[in-house]
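Only one structure is covered here, and it is reproduced in the block below.
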Amino acid sequence: MRYDLIIFDNDGVLVDSEPLSNQVLSEYLTELGHPTSYDESLRDYMGAAVHRIHELVQERTDRQLPAEFDETLHARVFHAFEQHLQPVKGAAELLEYLVAEGVSYCVASSGTHERIRVGQRKAGLDEWFEEEWIFSADDVGRGKPAPDLFLHAARSMGVEPARCVVIEDSPLGVEAAVAAGMDVYGFTSMTPADRLSTATEVFTDLGDLPRLLA
């Protein structure tokens with residue numbers, strides 16, 4: 001494999017959480033007086049850290065979200081995960097392959113550490129990740145589309161950015177990877193390929209990655 005480290009986004013790449021979390025988010029924002037459809041939530045917030053929600057609402061409405069917004073949102077998302085979350089098709093098989101081949105990998109997600117772990121546990125993927133292989137936007141000052149999170153993950157794993165490849169499914173994540181000087185493969189399971197056009201390459205099935213990255 002021509003890369004020394006594979007950096008996975010979590011939501012939508014390893015765990016099938018984007019439909020659940022964006023349905024919860026759109027309903028909660030609407031409940032708070034900020035009408036938001038599911039498609040609008042995907043467009044504006046998919047792949048983003050929670051601070052982006054606060055920033056866009058403030059920018060668009062000149063109103064702040066309530067102080068308990070983050071806590072309530074996370075509680076509702078975790079409840080949805082417990083009820084319905086599944087792994088992305090092929091995720092477990094891909095991780096098993098990488099371990100067998102001795103390829104280093106990690107997760108760099110806009111979600112909190114708790115959200116990442118809850119999602120991995122419910123999806124049955126937690127056994128594939130040591131704690132030191134998990135990186136959250138909470139670990140850095142700025143989330144995606146800033147490059148900080150990916151650079152932090154590479155530095156912590158002891159790999160130069162040019163030797164890393166990022167697996168992403170959101171435009172914000174692709175933008176962050178490009179800014180970090182890393183190759184990035186855009187996963188088009190939920191996002192049209194034209195919205196990931198700056199990716200090094202796009203693909204539709206996790207099972208294709210071993211061949212694409214060889």
With side chain to side chain donor-acceptor pair (under 3.5 Å) as the test, would you mind laying out the steps for His51 and Glu55 before giving the verdict?
CA-CA 6 Å; His51 67 78; Glu55 292 166 359; 3.1 Å; yes
Counting only heavy atoms from other residues, nucleotides and ligands, does the tally under 6.0 Å from [atom1] of [X] exceed 12?
X: His79; atom1: NE2; answer: no
X: Asp194; atom1: CG; answer: yes
X: Gln64; atom1: CD; answer: no
X: Glu71; atom1: CD; answer: no

Would you say [X] and [Y] make side-chain contact, with heavy atoms under 4.5 Å?
X: Glu201; Y: Asp208; value: no
X: Ser21; Y: Arg115; value: yes
X: Trp128; Y: Trp133; value: no
X: Glu127; Y: Leu95; value: no
X: Met190; Y: Pro19; value: yes

Between [X] and [Y], is there a donor-acceptor pair closer than 3.5 Å when you use the side chain of the first and the backbone of the second?
X: Ser110; Y: Ala137; result: no
X: Thr200; Y: Val184; result: yes
X: Thr204; Y: Thr188; result: no
X: Ser104; Y: Leu5; result: no

Between [atom1] of [X] and [atom2] of [Y], what distance do you get to the nearest 0.5 Å?
X: Lys122; Y: Ser17; atom1: NZ; atom2: OG; result: 13.5 Å
X: Glu40; Y: Leu29; atom1: CD; atom2: CG; result: 10.0 Å
X: Met182; Y: Ile6; atom1: CE; atom2: CD1; result: 13.0 Å
X: Glu27; Y: Ser37; atom1: CD; atom2: OG; result: 11.5 Å
X: Gln23; Y: Arg76; atom1: CD; atom2: CZ; result: 12.5 Å
X: Ser170; Y: Glu18; atom1: OG; atom2: CD; result: 7.0 Å

With under 30° as parallel and over 60° as perpendicular, where do the rings of [X] and [Y] fit, or are they tilted in between?
X: Phe8; Y: Tyr105; answer: perpendicular
X: His74; Y: Phe78; answer: parallel
X: Phe203; Y: Phe187; answer: parallel

Shortest non-hydrogen separation from [X] to [Y] and the atoms involved:
X: Ser26; Y: Thr30; result: O-OG1, 2.8 Å
X: Glu130; Y: Arg117; result: C-NH2, 4.0 Å
X: Asp169; Y: Gly12; result: OD2-CA, 3.4 Å
X: Ile116; Y: Gly111; result: CD1-O, 3.8 Å
X: Val202; Y: Ala193; result: CG2-CB, 4.3 Å
X: Asp139; Y: Ile134; result: OD2-O, 4.4 Å

Are [X] and [Y] connected in the hydrophobic side-chain network, where two residues link if heavy atoms are under 4.5 Å apart?
X: Tyr38; Y: Leu32; answer: no
X: Leu42; Y: Val88; answer: no
X: Leu172; Y: Tyr185; answer: no
X: Leu56; Y: Met46; answer: no
X: Val13; Y: Met1; answer: yes

Let me have the donor-acceptor pairs involving side chains of residues 147-165, under 3.5 Å, with sequence neighbours excluded, atom names and distances please.
{"from": "Asp148", "atom 1": "OD1", "to": "Arg142", "atom 2": "NH2", "distance (Å)": "2.9"}
{"from": "Asp148", "atom 1": "OD2", "to": "Arg142", "atom 2": "NE", "distance (Å)": "3.4"}
{"from": "Ser156", "atom 1": "OG", "to": "His152", "atom 2": "O", "distance (Å)": "2.8"}
{"from": "Arg163", "atom 1": "NE", "to": "Asp4", "atom 2": "OD2", "distance (Å)": "3.0"}
{"from": "Arg163", "atom 1": "NH1", "to": "Arg2", "atom 2": "O", "distance (Å)": "3.2"}
{"from": "Arg163", "atom 1": "NH2", "to": "Arg2", "atom 2": "O", "distance (Å)": "3.0"}
{"from": "Arg163", "atom 1": "NH2", "to": "Asp4", "atom 2": "OD1", "distance (Å)": "3.2"}

Step by step, would you call Leu25 with Thr36 a side chain to side chain contact (heavy atoms under 4.5 Å, CB included)?
CA-CA 8 Å; Leu25 175 57; Thr36 305; over 6 Å; no
Go through Ile53 and Val50 one step at a time and tell me if the side chain to side chain contact (heavy atoms under 4.5 Å, CB included) criterion holds.
CA-CA 5 Å; Ile53 306 171; Val50 70; 4.0 Å; yes
Worked verdict on Phe81 versus Val15 for side chain to side chain contact (heavy atoms under 4.5 Å, CB included)
CA-CA 10 Å; Phe81 283 3; Val15 299; 5.9 Å; no
Single hit among Asp9, Ile7, Leu209 for side chain to side chain contact (heavy atoms under 4.5 Å, CB included) with Ile167:
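Testing each of Asp9, Ile7, Leu209 against Ile167, the sole residue satisfying side chain to side chain contact (heavy atoms under 4.5 Å, CB included) is Leu209.
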Using salt bridge (charged side-chain N to carboxylate O under 4.0 Å, His left out), reason through Glu168 and Lys144 one step at a time and then give a plain yes or no.
CA-CA 11 Å; Glu168 263 288 354; Lys144 305 169 190 178; 2.6 Å; yes
